[in-house]
Amino acid sequence: MAVAEISPCSYSRYQTLPANLSSTPLNAFHIPSFKRCRSPLQVRRPLSISCSVAPSQVQSPATAVPVLPADAANKQECYGVFCTTYDLQAEEKTKTWKSLISVVVSGAAGMISNHLLFKLASGEVFGSDQPIALRLLGSERSYQALEGVAMELEDSLYPLLREVSIGVNPYDLFQGAEWALLIGAKPRGPGMERAGLLDINGQIFAEQGKALNAVASRTVKVIVVGNPCNTNALICLKNAPNIPAKNFHALTRLDENRAKCQLALKAGVFYDKVSNVTIWGNHSTTQVPDFLNAKINGIPVKKVITDTKWLEQEFTESVQKRGGVLIQKWGRSSAASTSVSIVDAIRSLITPTPEGDWFSSGVYTNGNPYGIAEDIVFSMPCRSKGDGDYELVKDVVIDDFLRERIKKTEAELLAEKRCVAHLTGEGNAFCDLPEDTMLPGEM
Ligand code: LMR
């Protein structure tokens with residue numbers, strides 16, 4: 001039964017120390033307040049701790065401790081109609097529903113989220129019997145916009161949407177979260193070096209990793225969308241040592257979808273005929289859309305599209321640079337198609353992958369069968385049983401053309417990793433990024 005109402009919950013700023021940190025002095029642990037509900041009733045209003053980690057406070061994961069400012073503002077609130085009581089067990093229609101899941105969306109006032117939140121609330125992502133709690137994470141600056149989004153969610157009267165809260169503090173919003181869709185990131189500003197972008201966004205994702213580590217469900221699934229998403233995902237997982245690294249993904253599904261569309265267009269078929277498309281590597285202009293293993297109507301692409309020059313050059317480049325071309329046309333980054341691809345990425349993890357097919361996701365390299373460097377987040381072909389987990393696909397062919405390009409995107413990710421070593425607990429950062437590579441939108 002899910003009920004939301006004022007209840008006898010207790011709040012504590014201090015939490016039991018994780019075993020691996022137990023030698024740290026107790027007063028070093030300023031853990032955010034936790035709701036402790038002794039009954040099914042819940043309070044969702046008075047959390048009152050906010051947290052920001054200044055660059056100088058960033059610590060290695062081994063000693064990572066959330067640092068909370070004393071003057072933290074109350075910024076996590078249930079919103080409007082979502083503060084009312086409900087009882088799913090009381091009605092025939094809802095008592096067979098699954099138990100409520102909590103989904104956090106960061107950058108919740110942004111364009112991608114504006115498409116995504118309504119898909120999540122409608123049931124089209126998690127199913128028509130899956131009630132949902134949406135936690136909208138934004139910044140102080142976007143707080144009013146968060147309220148605007150929450151108002152629109154209210155006015156949409158989605159039956160499955162049972163709770164909405166808005167806030168600026170990841171330690172509050174991530175409490176018990178089962179999904180974290182991390183979209184919020186700073187765009188690269190004029191004159192900003194790529195290293196600067198990595199550092200600024202890396203700090204956001206280091207903090208969010210620490211918050212996930214402190215308060216999220218141990219089985220939380222994290223999809224990092226904010227760019228540079230592979231390296232942000234790496235930073236995030238390194239700062240969340242108590243959550244399996246396998247639970248973190250960088251979104252490359254948009255690139256896969258783009259590749260499928262281009263192959264369909266060239267072959268003169270509808271895009272549902274294209275399968276087995278892998279995006280290898282980084283979500284950047286070094287990414288490798290794999291036409292060697294891809295199929296059209298179950299037939300290898302190279303047998304259907306015999307124009308090898310097109311596959312190697314135009315096709316590859318059109319996928320790598322699609323995001324940038326779109327920005328030139330739109331004047332802003334892709335939003336609707338990104339949100340669709342986030343939905344696709346979630347669905348790929350919660351439904352069994354069709355026999356013989358796979359999907360692409362940026363995942364942590366830890367014993368991969370392709371000879372790709374370990375300890376980075378690299379997009380690879382995955383299959384899922386539909387339980388939220390995945391396994392890597394083994395029977396793919398990698399020829400010299402693919403290998404050479406995979407090496408290039410791997411080198412870029414290794415360089416990005418060196419550049420954020422101060423955020424992953426691996427010592428001093430050293431930035432030697434290849435100059436000719438960019439985010440899809442940076443062209
Ligand atoms: C995209 O691929 O559309 C975006 O990642 C582009 C960008 O840099 O925002």
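As the structure is a prediction and not an experimental result, all values here were calculated from the model. For ligands, and for the atoms within them, numbers begin at 1 and follow the listed sequence.
- For ligand 1, the atoms lying closer than 4.0 Å to a non-hydrogen atom of Ser334 are 1 (C), 3 (O).
- When each atom of ligand 1 is checked for a heavy atom of Gly323 under 4.0 Å away, the hits are 1 (C), 2 (O), 3 (O).
- Contact annotation: His283 has at least one heavy atom less than 4.0 Å from an atom of ligand 1.
- Neither the backbone nor the side chain of Asp255 has any atom closer than 4.0 Å to an atom of ligand 1 (non-hydrogen atoms only).
- With distances taken over non-hydrogen atoms, the option nearest atom 9 (O) of ligand 1 out of Ala185, Ser333, Ser337, Ala335 is Ser333.
- Scanning both residues, Ala267 and Ile296, for their nearest heavy atoms gives CB-CD1, 3.6 Å.
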Inset, instruction - Show the numbers, then the answer: is there a side chain to side chain contact (heavy atoms under 4.5 Å, CB included) between Ser360 and Met380? - result: CA-CA 5 Å; Ser360 304; Met380 301 188 281; over 6 Å; no
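- Atom CG of Asn428 has 12 or fewer heavy atoms from other residues, nucleotides or ligands within 6.0 Å.
- Where the criterion is an N or O separation shorter than 3.5 Å, residue side chain and backbone included, Arg258 meets it with respect to ligand 1.
- Considering all non-hydrogen atoms of both residues, Trp358 and Glu256 come closest at O-OE2, 4.4 Å.
- Ser142 and Ser139 share a side-chain donor-acceptor pair at under 3.5 Å.
- Ligand 1 has no atom lying under 4.0 Å from any heavy atom of Leu326.
- More than 12 non-hydrogen atoms from other residues, nucleotides or ligands lie less than 6.0 angstrom from CZ of Arg218.
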